[in-house]
Amino acid sequence: MAGPSPALQLLPFALVFVVFYFLVIRPEQKKRRQHQRMLAELKRNDAVVMTNGMHGRVMALADEVITVEIAPRVHVQFDRSAVQRIVGVADPEKDKEKERQRS
């Protein structure tokens with residue numbers, strides 16, 4: 001008696017791969033594309049959260065490195081990919097006004 005055909009034996013593996021693709025691979029690719037787009041749109045004065053949880057404001061941008069102000073006159077350099085998300089755009093005029101009020 002002959003066993004099932006080779007194509008029929010591979011069907012469960014193909015189904016597992018299809019399910020794996022739609023549940024894991026595709027959403028991860030979409031998330032990676034969104035993160036790359038967010039990094040490309042990063043600009044000066046954006047309020048950001050870094051992957052280590054540190055909040056700050058982007059002061060300068062280079063190809064791979066950004067300078068983030070984490071406190072008044074305290075600047076730290078990070079790898080651009082360390083930006084987890086943009087939480088808002090800081091208004092430079094409001095920042096200048098706050099500095100004048102502190103003085």
Side-chain angles (χ1 to χ4, degrees):
M1 186 153 205
S5 70
L8 194 58
Q9 289 178 342
L10 292 177
L11 186 62
F13 294 111
L15 289 174
V16 167
F17 178 76
V18 168
V19 169
F20 187 76
Y21 176 79
F22 282 105
L23 293 179
V24 178
I25 297 172
R26 191 167 177 227
E28 193 63 35
Q29 288 175 338
K30 184 177 178 182
K31 189 176 180 182
R32 185 176 37 238
R33 279 193 303 269
Q34 287 175 338
H35 188 254
Q36 291 297 326
R37 192 173 330 128
M38 184 262 310
L39 292 178
E41 294 172 356
L42 198 60
K43 57 189 176 299
R44 196 169 187 276
N45 291 319
D46 280 349
V48 295
V49 177
M50 310 307 287
T51 54
N52 62 1
M54 192 173 293
H55 291 246
R57 184 170 52 122
V58 176
M59 299 306 292
L61 296 159
D63 288 339
E64 295 295 321
V65 177
I66 64 170
T67 302
V68 177
E69 183 180 53
I70 57 173
R73 292 184 282 282
V74 178
H75 298 123
V76 180
Q77 288 186 331
F78 287 97
D79 191 62
R80 187 182 279 254
S81 64
V83 175
Q84 184 176 16
R85 68 181 191 270
I86 299 173
V87 292
V89 178
D91 186 6
E93 294 301 319
K94 285 184 180 180
D95 291 341
K96 288 179 186 176
E97 188 176 315
K98 285 180 184 178
E99 284 294 321
R100 280 182 271 188
Q101 290 174 355
R102 287 184 200 161
S103 301

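One is the number of the first residue; the rest follow in order along the sequence.
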Next item on the list: For Met50 and Val83, run side-chain contact (heavy atoms from CB on, under 4.5 Å): C-alpha distance rounded to whole Å, both residues' side-chain angles, the deciding distance at 0.1 Å, then the answer.
Entry: CA-CA 4 Å; Met50 310 307 287; Val83 175; 3.8 Å; yes
Next item on the list: Go through Lys43 and Ile86 one step at a time and tell me if the side-chain contact (heavy atoms from CB on, under 4.5 Å) criterion holds.
Entry: CA-CA 10 Å; Lys43 57 189 176 299; Ile86 299 173; over 6 Å; no
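Here the shortest heavy-atom pairing between Met54 and Asn52 reads N-OD1, 3.0 Å. Leu61 and Arg44 make their closest contact through CD1-N, 3.8 Å (heavy atoms, listed as atom of the first residue, atom of the second, distance). Summarising the geometry of Met59 relative to Glu69, their closest heavy-atom pair is CG-CB, 3.5 Å, with the distance given to 0.1 Å.
One hydrophobic cluster, built from ILVMFWY side chains closer than 4.5 Å, holds both Val58 and Leu39. Cluster annotation: Val74 and Val48 are assigned to the same hydrophobic cluster (Ile/Leu/Val/Met/Phe/Trp/Tyr, side-chain heavy-atom contacts under 4.5 Å, transitive). Cluster annotation: Leu10 and Leu8 are assigned to distinct hydrophobic clusters (Ile/Leu/Val/Met/Phe/Trp/Tyr, side-chain heavy-atom contacts under 4.5 Å, transitive).
In this structure, Glu28 CD and Arg33 CZ are separated by 11.0 Å, a value rounded to the nearest 0.5 Å. In this structure, CD1 on Ile70 lies 9.5 Å from NE2 on His75, to the nearest 0.5 angstrom. Going from atom CD of Gln84 over to atom NE2 of His35 covers 7.5 Å, rounded to the nearest 0.5 Å. Rounded to the nearest 0.5 angstrom, Phe17 CZ and Phe13 CZ are separated by 14.0 Å.
Heavy atoms of other residues, nucleotides or ligands lying less than 6.0 angstrom from CD of Gln9 number more than 12.
Within the 4.5 Å cutoff, the side chain of Arg80 has no heavy atoms near those of the Val65 side chain. Counting heavy atoms from C-beta outward, Val16 and Val19 have side chains that stay 4.5 Å or more apart.
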